[in-house]
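Everything on this sheet refers to the single structure shown next.
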Protein chains: 2
Amino acid sequence: MDGLTIHQAAELTGWSPRMLRYLERGGLVDPERTPAGYRVFGPGELQRLRTLRELLEGFDCGLSDVAFAARLRRESDLRRSLESWLESEPERPQGVASEDWLGWEQRKHQALLAAT
Amino acid sequence: MDGLTIHQAAELTGWSPRMLRYLERGGLVDPERTPAGYRVFGPGELQRLRTLRELLEGFDCGLSDVAFAARLRRESDLRRSLESWLESEPERPQGVASEDWLGWEQRKHQALLAAT
DNA sequence: TAAACCTTGACACAAGCTTGGTAAGGTTTG
DNA sequence: CAAACCTTACCAAGCTTGTGTCAAGGTTTA
């Protein structure tokens, strides 16, 4: 076998084996399988798993956000509808991005921030 | 006043007043205010509220998905990172979209579908 | 001033997500 | 065959989301 087992991959990527299965279930990774059904993680998978982690932490978003972004790529009608809805958003003078979106994209930190 | 109160807007859009406030808190709508602080919903707001409802129901996605799409429009570095991560996804032969994403984008229906 | 609105804030609760653990069973290898 | 892996399928704890309701208080208008 020229790939890693799920525990080895977990070790190297920082995800738990449990989470690797969870991520697969969500379609965010898709390792090969041995004939017996064992997952085999290749270098590509490892890289994407690490990058995914960086993405989530660096931008503070969730798995479902990444999943939705992927869905946007696939479903052009959804993409278009969403695009046109967002387009119709009235232009707010400025300084939109700070208060509003706390609590939607970063709600997790709300308590922490408020506790200072 | 040439706009509607929150209860009137709720009546006409199918959202509850509670939800209109919730949507505003999330930045998905942004009605004007009277000097005293009362929300004033114009025709544009009403239209977008109805369209939003159609979006959510028609494509079976959530408020946070729409919020994230909006965030994608604003944050180009997030957009690029996500784009390149998704780009690196290994090409799966076909038939990707059915099983995987149930449970991420449409997990709500899982129980229903399974119950048939 | 009293009725009928509106405001923000809090409490509450069901449903879903994230994550771990554990059980029952197959595979590989010494 | 036994140890040490792997698999799927459940149960569960804790947090987030979506939604209602209620309280305390300001505004408008008759």
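We use all heavy atoms of the structure for the numbers below, so side chains are in, but hydrogens, waters and symmetry mates are not.
Between B:Ile6 atom CD1 and C:dA4 atom C1' there is a gap of 16 Å when expressed in whole angstrom units. The distance between atom CG of A:Leu4 and atom C1' of D:dC5, rounded to the nearest whole Å, is 14 Å. Rounded to an integer number of Å, the gap from A:Glu24 CD to D:dT8 P is 7 Å. Rounded to an integer number of Å, the gap from B:Leu23 CG to D:dT19 C1' is 11 Å. At whole-Å resolution of the value, CZ in B:Arg25 and P in C:dT8 are 11 Å apart. Summarising the geometry, the separation between CG on A:Asp60 and P on D:dC15 is reported as 17 Å, rounded to the nearest angstrom.
Here A:His7 reaches the OP1 or OP2 of D:dC6: one of its side-chain N or O atoms lies under 4.0 Å away. Taking side-chain N and O atoms only, A:Ser16 has no distance below 4.0 Å to OP1 or OP2 of C:dT19. The shortest distance between the side-chain N/O atoms of A:Arg18 and the OP1/OP2 oxygens of D:dA9 is not below 4.0 Å.
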Q) Do B:Arg80 and B:Glu87 pass the salt bridge (charged side-chain N to carboxylate O under 4.0 Å, His left out) test, and can you show the C-alpha distance, the side-chain angles, and the key distance before you say yes or no? A) CA-CA 10 Å; B:Arg80 276 190 301 268; B:Glu87 204 71 54; over 6 Å; no
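Using a 4.0 Å cut-off between charged nitrogen and carboxylate oxygen, A:Arg50 and A:Glu45 do not count as a salt-bridge pair.
Counting only heavy atoms from C-beta on, B:Leu63 has its side chain closest to D:dG18 among D:dG18, D:dT27, C:dT18. Residue B:Tyr22 has its side chain nearest to D:dT17 when only D:dT17, D:dC11, C:dC11 are considered. Among the nucleotides D:dG18, D:dT7, C:dG20, the one closest to the side chain of A:Arg39 is D:dT7.
Checking B:Tyr38 against A:Arg21, the closest nucleotide of DNA chain D that is more toward the 5' end is the one next to A:Arg21.
Of the possible donor and acceptor atoms, none in the side chain of B:Trp85 sits under 3.5 Å from a partner among the backbone N and O of A:Thr51.
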